[in-house]
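In what follows, chains carry the letters A, B, and so on, assigned in the order in which the sequence lines appear, proteins first and then strands, with residues in each chain numbered from 1.
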Amino acid sequence: MQASKFHLFTTRETPAEAEITSHRLMLRSGMIRKLTSGIYTWTPLGLRVLQKVESIVRDEMDKAGYLEILMPAVQPAELWRETGRWEKFGAQLLKIEDRSGRHYCFGPTHEEVMTDFVRNEIRSYKQLPITFYQIQTKFRDEIRPRFGVMRAREFLMKDAYSFHIDDASLDDTYWEMHRVYSRIFTRTGLSFRSVEADSGAIGGSKSHEFHVLAESGEDLIAFSDQSDYASNVEMAAVANLRGNPTEATEELRTIDTPDAHTIEELVNAHGVAIEKTIKTLIVQAAQDCKEDFVALLIRGDRTLNAVKAERLEQVASPLRFADDEEIRATVGAGPGSLGPVGLSLPVIADQEITLMSDFVAGANTDDKHYLGINWKRDLAVPITADLRNVIEGDPSPDGKGTLHLARGIEVGHIFQLGTAYSESMKAVVLGEDGKSHIMPMGCYGIGVSRIVAAAIEQNNDDRGICWPEPIAPFQLALLPMNAKKSQRVQAAAQELYSQLLQAGVEVFYDDRKLRPGVMFNDIELIGIPHRIVIGERGLDNGVLEYRRREDTENTEIQLDGAVDAILEKIGAG
RNA sequence: CGGGGUGUAGCGCAGCCUGGUAGCGCAACUGCUUUGGGAGCAGUGGGUCGGGAGUUCGAAUCUCUCCACCCCGACCA
């Protein structure tokens, strides 16, 4: 590509809206342009990267024998009503009405359309298992779009759906897909990790997320330093605790705490050790419970894991905290003075809570706390559950090693859906036994456009983007020095450019006749992994200058046989 | 959805308080000089001041209203 015929538009200044590195660099390098909130145009430069990612995904899916299709982006409401998601999906579903008042949505995902397709196409177990995929623009009306294409409303996604005669077949394809995903992310050149994940409201027995590791990631993942255990913190279990509480050494007593309505204030104002405090969280109870609310107990220095709490049968899902009025009406005291002693609500305690002794909690009377609380003597031992988030240094739940935390950007997610959709949509096949069978399904997503942002988030420096080679927009930049003046340089650059094209190198030839500094800065900003500089100086000695994006020193390449030497450098020869 | 903020040239901003008909830097265009890490000089083009309504002789500026965009908020007992 000749720069003079390309649309390269870099900026020195950063548009005010960019918050994170990848967003800033994508705007400065001119990869994307915002049309409106959460909706972006991919420029020729950005599109080259997007399509590299896309083609790696497509290639691996094809190799695995999955079949590419293209489903409509606009979907009729009737299909979504069949599964109940027209209402359940929530405000993220962009609903559209046509001229005659019929309802549609712009597809945020395609389980319904896919299942409808398959129930009409597939009749026999002999056609199973089968997996279809597509790479397509999706729309989710995010509550708060941000970070450019990282959390955009319109985005490019690869979604795949598998159909099976039984769960064993689903399990096979699921793990096969796990391997295919690992190959895909390996090929992009990114550092990633697969983790156990929450399958969410969709249900299903098994789910893994794939995360690109990056400091700025929105998700926290936990992994063991001595085993393969890796999990989203949402899901990461706290290792089972055994034992009994230590002996009571203190009397139960009440203190006045008008100045302490948070754990922090309690610790600071009354010299209580935070490990001796208990937080009492009042949450809405599940519908079939007798009470309206349930109390959850966790140690003062811990944080509640909402996913774990929602999974309790006594607790409403989604999790909802009682508001101040509800707490006052139920307990008779305000938040800030709550505790388990004398509480007339169902109580579920984090497992470590029942091992505590001589602990501190609110007295369910405004501005009062109990000190020296002990189980059995002062109150009954409650039922327990794993309620808290794991932290750095916790033992791994598989018993091997210690947990460490890292931040990740979710770029892939695979689910075993089971029959959640095929049952409500009556997607059945005839089995070997001559009877109808509901097909278990799997679904598997990859955020193609998000990978581009995640790649930058993981690979950048103060000069710009440092693309991993497999997804770089160009492999090599060719920069002539002073081409405007020097016929020699210009001729040599032209010649080399033609030869490199012949050799199949994706070369960006900067024939713009700009000052060198401008070219260097542009090429480094857009992150081309290799660069060749041609100048009078080098030509006098029969050499070119070569440098990798991440290097700070040049190396020389002999002009004779330069193409082969370059091919070797970029690993394409 | 709640709270906060911002809309002035392609981008980044000043001007608004105290009303008098719009400016700076970067970018773009022309010419000359310059040329190995974002050049210099001279000149040029480009603005419904987010939209609408109102107050006023006069509104970017004051008032009302609508819209768009950005930020914060779902771990609080």
Side-chain angles (χ1 to χ4, degrees), chain A residues 9-20 23-24 27-28 30 33-39 90-91 141 143-148 220 233-234 257 260-266 277-283 293 295-310 318-324 326-328 330-331 333-340 343 345 350 360-364 366-367 369 387-389 391 463-464 479-486 489 512-525 531 533-539 545 547 552 554:
Chain A
F9 198 89
T10 56
T11 62
R12 230 185 301 190
E13 286 170 304
T14 310
E17 71 203 47
E19 286 287 305
I20 60 167
H23 189 195
R24 198 158 52 233
L27 289 170
R28 279 196 55 206
R33 290 282 179 245
K34 185 173 76 174
L35 180 63
T36 184
S37 179
I39 300 180
D141 198 357
I143 299 169
R144 186 140 93 86
R146 61 186 127 174
F147 306 148
L220 253 190
V233 164
E234 284 182 348
T257 52
H261 296 284
T262 66
I263 293 289
E264 194 180 318
E265 287 166 1
L266 189 64
T277 62
I278 287 187
K279 274 198 280 201
T280 306
L281 311 174
I282 309 295
V283 301
F293 298 101
L296 305 178
L297 307 184
I298 56 174
R299 215 170 76 179
D301 55 339
R302 306 301 195 186
T303 55
L304 179 70
N305 180 307
V307 172
K308 291 177 183 176
E310 279 173 8
L319 187 70
R320 189 183 73 80
F321 287 92
D323 62 32
D324 289 10
E326 289 167 335
I327 290 174
R328 195 157 285 283
T330 313
V331 182
S337 305
L338 303 179
L343 189 65
L345 283 176
D350 184 63
V360 180
N364 299 328
D366 280 337
D367 304 334
H369 275 78
L387 289 178
R388 70 168 174 94
N389 283 317
I391 58 168
R463 293 176 299 172
L479 309 183
M481 297 292 101
N482 273 325
K484 202 171 180 179
K485 214 179 199 178
S486 169
V489 168
R512 292 178 297 173
K513 301 191 172 71
L514 295 169
R515 301 171 71 84
V518 180
M519 286 194 216
F520 291 144
N521 283 315
D522 270 356
I523 294 308
E524 284 163 355
L525 175 60
R531 89 173 189 210
V533 170
I534 301 184
E536 289 274 357
R537 248 163 34 190
L539 289 180
E545 292 161 32
R547 190 192 287 199
T552 51
N554 292 329

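Contacts of A:Ile282 with the nucleic acid, taken as non-hydrogen atoms under 4.0 Å apart, include base atoms. Residue A:Gly535 is classed as a base contact, given a heavy-atom separation below 4.0 Å to a base.
Rounded to the nearest Å, the gap between the C1' atom of B:A53 and that of B:U48 is 16 Å. Remark: the separation of the C1' atoms in B:A77 and B:A14 is 48 Å, to the nearest Å. Rounded to the nearest Å, the gap between the P atom of B:U61 and that of B:A9 is 15 Å. A distance of about 27 Å separates the C1' atoms of B:G20 and B:G25, rounded to the whole Å. Rounded to whole Å, the separation between the C1' atoms of B:G15 and B:U44 comes to 25 Å. Taking atom C1' in both B:C66 and B:G7, the straight-line distance is 14 Å, to the nearest Å. Spacing between B:U30 and B:G23 at atom C1', rounded to whole Å, works out to 23 Å. Rounded to a whole angstrom, the distance from the C1' atom of B:A60 to that of B:C13 is 15 Å.
Going from atom NZ of A:Lys34 over to atom P of B:G10 covers 15 Å, rounded to whole Å. Atom pair A:Asp301:CG and B:A77:P shows a separation of 12 Å (rounding to whole Å applied). Computed from coordinates, the A:Leu304 CG to B:A74 C1' distance equals 12 Å when rounded to whole Å.
Between the CD1 atom of A:Ile282 and the CG atom of A:Leu296 there is a distance of 8.0 Å, given to the nearest 0.5 Å. Distance check, rounded to the nearest 0.5 Å: OG1 of A:Thr10 to CZ of A:Arg12 gives 9.5 Å.
For A:Arg515 and B:A39, the shortest distance from a side-chain N or O to OP1 or OP2 is below 4.0 Å. Considering only side-chain N and O atoms, A:Arg146 lies nowhere under 4.0 angstrom from the phosphate OP1 or OP2 of B:C71.
Not one N or O on the side chain of A:Arg299 forms a donor-acceptor pair closer than 3.5 Å with the backbone of A:Ile278. Checking side-chain atoms of A:Asn364 against main-chain N and O of A:Ala333 turns up no donor-acceptor pair under 3.5 Å. Of the possible donor and acceptor atoms, none in the side chain of A:Asp350 sits under 3.5 Å from a partner among the backbone N and O of A:Leu297.
Side-chain atoms of A:Leu281 lie closest to B:A77 of the nucleotides B:G36, B:A77, B:G12. For A:Arg28, whose side chain is taken as the heavy atoms from C-beta onward, the closest listed nucleotide among B:G38, B:C75, B:C69 is B:G38. Which of B:A77, B:U35, B:C69 sits closest to the side chain of A:Lys485 comes down to B:U35. Considering only side-chain atoms of A:Val518, the nucleotide from B:C26, B:A77, B:A39 that sits closest is B:A39. The side chain of A:Arg537 approaches B:G36 more closely than any other nucleotide in the set B:C1, B:G36, B:G38. The side chain of A:Phe520 lies closest to B:G37, out of B:G37, B:C69, B:U35. Side-chain proximity of A:Leu338 to the nucleotides B:A77, B:C11, B:G38 is greatest for B:A77. Among the nucleotides B:C75, B:A77, B:C70, the one closest to any side-chain atom of A:Asn389 is B:C75. Comparing B:C13, B:G73, B:U35 by their closest approach to the side chain of A:Arg144 singles out B:G73.
B:G12 is paired with B:C24 under the criterion used here, namely a Watson-Crick or G-U wobble arrangement in which both key atom distances are under 3.5 Å. For B:G2, the paired base is B:C72 (Watson-Crick or G-U wobble, both distances below 3.5 Å).
Along RNA chain B, the nucleotide closest to A:Lys484 and the one closest to A:Ser37 are compared, and the more 5′ of them pairs with A:Lys484. If you find the closest nucleotide of RNA chain B to A:Pro145 and to A:Gly334, the one lying nearer the 5' end belongs to A:Pro145.
Side-chain atoms of A:Glu524 and base atoms of B:G37 include a donor and an acceptor less than 3.5 Å apart. For a distance-only test at 3.5 Å, the side chain of A:Arg12 fails to qualify as a donor-acceptor partner of the base of B:G37.
Proximity of A:Lys34 to A:Glu17: side-chain heavy atoms (C-beta onward) are separated by under 4.5 Å at one or more points.
A:Asp301 has no carboxylate O lying under 4.0 Å from a charged side-chain N of A:Arg388, or vice versa, which leaves the two without a salt bridge.
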